[in-house]
Amino acid sequence: MGILYVVATPIGNLEDITLRALRILKEVDLIAAEDTRHTKKLLSHYAVSTPLTSYFEHNEKEKAPLLVGKLKEGSDIALVSDAGTPGISDPGYRLVRLAIENSIPVVPVPGPSALISVLSASGLPLNEFTFKGFVPSGASRKKVFLEMKGEEHTYVFYESPNRLKETLDDILEVLGDIDIIIAREMTKMHEEILRGRAGVIAGLLKDREIKGEIVIVLRTVKEERGDFRTELKGFLDAGLKLNDAVKAVSQEFGLPKSEVYKEALRIKDAVKK
Ligand code: SAM
């Protein structure tokens, strides 16, 4: 039986790789990489000549059993993604799961991850935080922000540069002028970390062309609960779907959904009249 190593790789700066990761990448029989061309650059920088095979989102289902077959035959395999820790908003979990189900040893080789990198430099208390993956697109993004309302907590999101401004507007609308951090191109030449109120940062970025990879950190605030009707009306006025607004308000105020739903219908009717 071989070993499946889950190896973290740099998120930009090639120096951010551990000595152990390099040794494992040299010693294994095969490296399963999200993008073999991308990983080749890292391997050639460190003179690693281990054979590569592709393992990405759209071939995960077929490829995982093949790789598990090789592991069962005794091959050691290293799983890497394009950047950071495999499986974190990246392919990986299917192979890891299948290996575990087949009693194959799965060994983590820790290293960089974009979310941990930004948090380490955030200046926020880090005993508790929530990673939410990529900011969803479309209407559900407001819903995600809504569900975060009311309590003091740290949330981390991945975001694409072309949606950042829109996302900042939504954050301001739903969560208000909270403290945020925008980390762009961490560990790379154009690394930039902006910390401050959402409104100020949105203003700073307004006329800029945003490029590169981005992580957003949000620090929500504890809010004194007002009247649930006022909150509900605010959400409906902001264009939130009725069901989403009802769910968020009933959660926030600990009220039965039916009660909030009735009030939402009343507000909608009053608007129509
Ligand atoms: N597995 C990776 C990890 O452990 O961080 C994440 C992969 S995910 C497909 C890619 C996203 O991570 C990017 O869109 C960006 O949000 C974030 N990211 C990766 N590298 C980054 C960097 N150098 N600076 C800022 N964000 C980065």
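All figures in this text were calculated on a predicted structure; none of them were measured in a lab. Numbering of ligands and ligand atoms starts at 1, following listing order.
Close N/O approach between Tyr158 and ligand 1 is found [any backbone or side-chain N/O within under 3.5 Å].
For ligand 1 and Thr85, the ligand atoms under 4.0 Å from any heavy atom of the residue are 1 (N), 3 (C), 4 (O). In the vicinity of Lys188, heavy-atom distances shorter than 4.0 Å reach the ligand 1 atoms 23 (N). The distance from ligand 1 to the heavy atoms of Glu159 drops below 4.0 Å at these ligand atoms: 16 (O). Annotation for ligand 1: atoms under 4.0 Å from non-hydrogen atoms of Glu185 are 23 (N), 24 (N), 25 (C). In summary, the atoms of ligand 1 found under 4.0 Å from a heavy atom of Gly84, numbered by their order in the structure, are 3 (C), 4 (O).
Nearest protein neighbour of atom 6 (C) of ligand 1, counting heavy atoms only, is Ile88 O, 3.4 Å. Of all protein heavy atoms, the one lying nearest to atom 22 (C) of ligand 1 is Met186 N, 3.6 Å. From the protein, the heavy atom lying nearest to atom 4 (O) of ligand 1 is Ser113 OG, 2.7 Å. Nearest to atom 7 (C) of ligand 1 among the protein's heavy atoms is Asp90 OD2, 3.4 Å. The protein atom (non-hydrogen) at minimum distance from atom 18 (N) of ligand 1 is Ala114 CB, 3.5 Å. Among protein heavy atoms, the minimum distance from atom 10 (C) of ligand 1 is reached at Phe134 CZ, 3.9 Å. For atom 20 (N) of ligand 1, the nearest non-hydrogen atom of the protein is Glu213 OE1, 3.3 Å. Looking only at protein heavy atoms, the nearest one to atom 15 (C) of ligand 1 is Ile214 O, 3.4 Å.
Taking the side chain as every heavy atom from C-beta outward, Val156 and Thr130 never approach each other to under 4.5 Å. Counting heavy atoms from C-beta outward, His153 and Glu128 have side chains that approach closer than 4.5 Å. Residues Phe145 and Val135 have side chains in contact (heavy-atom distance under 4.5 Å, counting atoms from C-beta outward). Side-chain contact check for Leu79 versus Leu95: some heavy-atom pair is nearer than 4.5 Å.
Put simply, no part of Phe157 is less than 4.0 Å from ligand 1, judged by heavy atoms. Residue contact check for ligand 1: Thr187 places no non-hydrogen atom closer than 4.0 Å to it. Heavy-atom distances between Ala83 and ligand 1 reach below 4.0 Å in at least one pair.
Salt bridge absent: Lys149 and Glu252 never bring a charged side-chain N and a carboxylate O closer than 4.0 Å. Residues Lys188 and Glu213 are paired through a salt bridge, judged by an N-O separation under 4.0 Å between the basic side chain and the carboxylate. A salt bridge between Asp179 and Arg197 is present, with a side-chain N of the basic residue lying under 4.0 Å from a carboxylate O of the acidic one.
Between Phe131 and Tyr155, the distance separating the two ring centers is not shorter than 6.0 angstrom.
What you find for Ala202 and Leu172 is that their closest heavy atoms are CB-CD1, 4.1 Å. Listed here is the closest heavy atom pair of Val144 and Pro136: CG2-CG, 3.5 Å.
Paired with Glu147 under the rule salt bridge (charged side-chain N to carboxylate O under 4.0 Å, His left out), one option of Lys142, Lys132, Arg141, Lys247 passes, and it is Lys247.
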